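Note that the structure is predicted; figures quoted are calculated from it, not measured. One-based numbering, in listed order, for ligands and for the atoms of each.
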Amino acid sequence: MILFVRDSLESVAGVPEIVGYIFAFLFGAAIGSFLNVVIHRVPNEESIVFPNSACPKCGNAIKAYDNIPILSWLVLAGKCRNCRAPISPRYPAVELLTALLFIAVYWQIGFGAFLPVALVFVSTMVALIFIDSEHMILPNVITYPLLGFALLVRVTFPSFFAGDYISDLNAWPISLFAGLNLIVQSVLGALLGALIGGGFLWLVGEAWKRLRGVDAMGLGDVKMMAAVGALLGWRLTLLSTFLGAFSGALIGVVLIARQKDRDLQTQVPFGIFLGIGSIIALLFGDRLIAWYLSTFVQ
Ligand SMILES: [Zn+2]
């Protein structure tokens, strides 16, 4: 996907740019509040629509005025209004993080057709990151719809915007099929991205299993990166994986070094790092790759 074309709100609608940033923050905080529900309920296979949020300790329904993103937690000093049970700081943290990520997405992508796609992608990554950190799973009910969403974007975007938002159309090997219909090229790019994104992780997992006899890589990671690959294409997805592996290895080494028994089989929820890598690749990947090619290849 290409991010070099940035339409500003000012040029599209004549509204000052700062309005876009304020709206991105408020909308992100509200979506973060919804993601808290997803993170809390999806691993337990509960409905994300019913019932309304309640205090897990006393069961008291949470009033609308106590459910304002970030602010309510601060006003209540992190405690339930009814029973004073502590409320996890994860709630305002997810809201603030999502709000800041929405600002970053708006900053990089601007007020264009790809903006809603990027916001859905980043929100899904936040949900996967926090679910993996708590439960060590990447649920199919999130990774499969993300794959479906990616394919939908890949099929519909070329019909409306030609190749504008799809950067891998101009890159090898999809560039070899330049004579074909744009939608066919776009879907080929998605399939290649899914195959390389998922396949690379599957190979690493298999190799690790043969070498050490440990099943360290779950299939959830493979499905997650197949979905990321379908949307971002093979280059950005390999970049996501390398960024993820790099940050994961750094933090993994710190965690293992701090342990007394130095157990190398400590499970690391790798989805956290793949999610972080995927967000960085979405926001800056095309620029990073262009910089890399112009600096080291030519
Ligand atoms: Zn309570």
Under 2.8 Å from the Zn ion (ligand 1), the protein N, O or S atoms, given as residue and atom = Cys55 SG, Cys58 SG, Cys80 SG, Cys83 SG
inquiry  = Classify the ring geometry of Phe23 against Phe27: parallel below 30°, tilted from 30° to 60°, perpendicular beyond 60°.
reply    = parallel
task = Hey, could you give me the CG/CZ distance between Leu115 and Phe102, rounded to the nearest 0.5 Å?
result = 8.5 Å
note = CG of Asp66 to SG of Cys55, rounded to nearest 0.5 Å, is 11.0 Å
message = Quick check: do Trp202 and Leu219 have side-chain heavy atoms less than 4.5 Å from each other?
response = yes
ask   = Taking the six-membered ring for Trp, are Phe121 and Phe114 ring centroids under 6.0 Å apart?
value = no
inquiry  = Tell me every residue that passes side chain to side chain contact (heavy atoms under 4.5 Å, CB included) with Lys79, counting only those two or more places apart in sequence or in another chain.
reply    = Arg84
